[in-house]
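See below for the structure under consideration.
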Amino acid sequence: MAEVLAGKHGAFVQLVEQFQGLVSHLVFRVVQNQSDREEVCQDVFVKVHKQLKTFQFRSRLATWISRIAYNTAISHLNGRRQPPVEYDLEQITQESGPAEDMREMQLKAFIHEKLKRLSTVEKSVLTLYHLEEMPVREISQVMMRPEGTIKSDLFRARTKLRKMITAEENRCMIN
Amino acid sequence: MHDKLIQEWLDGATTDRPSDADLATYRRLYQALAQAPEGQLSDAFPARVMARISAIESESKVDQIVNILALLAAAVGFVLLIGYSAQYVTVDLASMSNMLYSITLPSGLVSQTWLYTGLVCGLIGWLDKYIVPRSKGRNRRSQRGSAGPC
């Protein structure tokens with residue numbers, strides 16, 4: 001970190017390599033357009049490089065970078081004027097899902113597909129909690145939302161997905 | 001309510017194991033959520049980031065140089081402009097003094113000006129002759145007094 005702050009070229013490359021997974025997970029979940037994803041990730045690290053001198057070590061570096069990634073992804077969506085994806089269980093359960101049995105791989109693909117239908121906040125919360133294993137307190141710092149709200153976001157998002165899976169399993173059993 | 005109980009148990013928030021058919025579904029859901037989204041960044045991603053940062057930094061350096069050059073140009077321009085316009089300013093000052101000379105003042109005003117100037121000069125002279133030497137003498141006495149009995 002000191003080397004990065006001192007402007008050492010190689011040190012920042014190491015930082016990018018260390019956190020590109022975290023950034024890409026968050027950005028890839030929020031930004032659906034594949035052609036924009038890498039550019040948004042680049043924007044995140046350019047911002048990190050620019051703002052690194054303002055990092056005050058009050059939080060973990062991962063939390064701070066996640067916050068920049070989340071805000072950059074949201075700004076990208078706002079700039080693109082993409083309408084927020086609203087969850088509609090009726091619509092989802094009536095859609096034709098995979099015709100074959102719900103095997104594990106297919107189920108995971110199904111869940112990842114349905115994840116795209118959740119709101120940006122829900123996708124981000126799920127990614128940070130389950131994939132990055134970030135505690136709720138840190139997620140609230142990243143997303144600037146109270147811890148209680150993060151917990152209810154988590155619960156609501158997982159319940160929605162559970163209902164989708166159950167509906168799909170029932171549909172497969174009937175077929 | 002059972003959703004909440006299962007989620008709390010899976011998150012480790014409670015020790016009461018839920019006996020629900022949805023538990024298996026939730027287990028699969030948690031496994032899926034722990035997987036990274038599709039797609040990955042290219043191998044050249046760090047290099048691309050560094051190239052962008054270098055480009056931005058060189059742009060800002062060029063901006064700095066342009067700003068310094070603009071400042072220098074403005075300073076040189078200002079000096080040249082002052083030198084050029086000074087000729088006209090001296091001409092204008094000369095013409096203004098001629099205008100002042102040509103003004104005829106009333107005789108009363110001139111005599112009053114001389115009178116008050118003379119009074120002020122006299123006052124300063126009196127102060128210089130009588131007040132200042134007395135205060136100097138007082139200072140000398142006080143210095144002697146503070147020097148002690150010897």
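The chains referred to below are lettered A, B, ... by the order of the sequence lines, with proteins before strands, and numbering in each begins at 1.
Contact of A/L15 with chain B is not made at all, since no heavy-atom distance falls under 4.5 Å. Proximity to chain B (any heavy atom under 4.5 Å) is shown, for A/E39, by both the backbone and the side chain. Of the two parts of A/H112, only the side chain, counted from C-beta on, holds a non-hydrogen atom closer than 4.5 Å to a non-hydrogen atom of chain B.
A pairwise comparison of heavy atoms in A/S124 and A/Y70 identifies OG-CE1, 3.2 Å as the closest pair. Summarising the geometry of A/D36 relative to A/H76, their closest heavy-atom pair is OD2-NE2, 3.2 Å, with the distance given to 0.1 Å. Scanning both residues, B/Q7 and B/Y26, for their nearest heavy atoms gives NE2-OH, 2.8 Å. Listed here is the closest heavy atom pair of B/L41 and A/Q20: CD1-O, 3.8 Å.
For the options B/A47, B/A36, B/A32, B/P37, heavy-atom pairs under 4.5 Å to chain A are most numerous at B/P37.
Annotation: the span from A/L131 atom CG to A/L126 atom CG amounts to 10.5 Å, rounded to 0.5 Å. To the nearest 0.5 Å, atom CD1 of residue A/I150 and atom CZ of residue A/F155 are 15.5 Å apart.
Ring geometry for A/F55 versus A/F57: interplanar angle of 30 to 60°, hence tilted.
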**Q.** side-chain hydrogen bond (donor to acceptor under 3.5 Å, both in side chains) between A/Y129 and A/D153, intermediate numbers included
**A.** CA-CA 11 Å; A/Y129 187 83; A/D153 288 337; over 6 Å; no

Q: Show your working on side chain to side chain contact (heavy atoms under 4.5 Å, CB included) between A/V121 and A/R145 and close with a plain yes or no.
A: CA-CA 10 Å; A/V121 168; A/R145 290 161 76 85; 3.8 Å; yes

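Contact check for B/E38 versus A/F28: no side-chain heavy atoms found under the 4.5 Å cut-off.
A/H25 contributes a side-chain N or O that, together with a main-chain N or O of A/G21, makes up a donor-acceptor pair within less than 3.5 Å. Side-chain atoms of B/D128 never come within 3.5 Å of backbone atoms of B/I124 as a donor-acceptor pair (strictly under, hydrogens ignored).
Under a 4.5 Å side-chain heavy-atom cut-off, the cluster of Ile, Leu, Val, Met, Phe, Trp and Tyr residues that includes B/L80 is completed by B/V76.
Residues of residues 51-63 of chain B that come within less than 4.5 angstrom of chain A, heavy atom to heavy atom, are B/R52, B/I53, B/I56, B/E57 in numerical order. For residues 42-50 of chain A, heavy-atom neighbours of chain B at less than 4.5 Å comprise A/Q42, A/D43, A/F45, A/V46, A/H49, sorted by residue number. Taking non-hydrogen atoms and a 4.5 Å limit, the residue list of residues 136-143 of chain A in contact with chain B is empty.
For the residue pair A/T166 and A/R162, a side-chain donor N or O sits within less than 3.5 Å of a side-chain acceptor on the partner. For the residue pair B/S42 and A/E38, a side-chain donor N or O sits within less than 3.5 Å of a side-chain acceptor on the partner.
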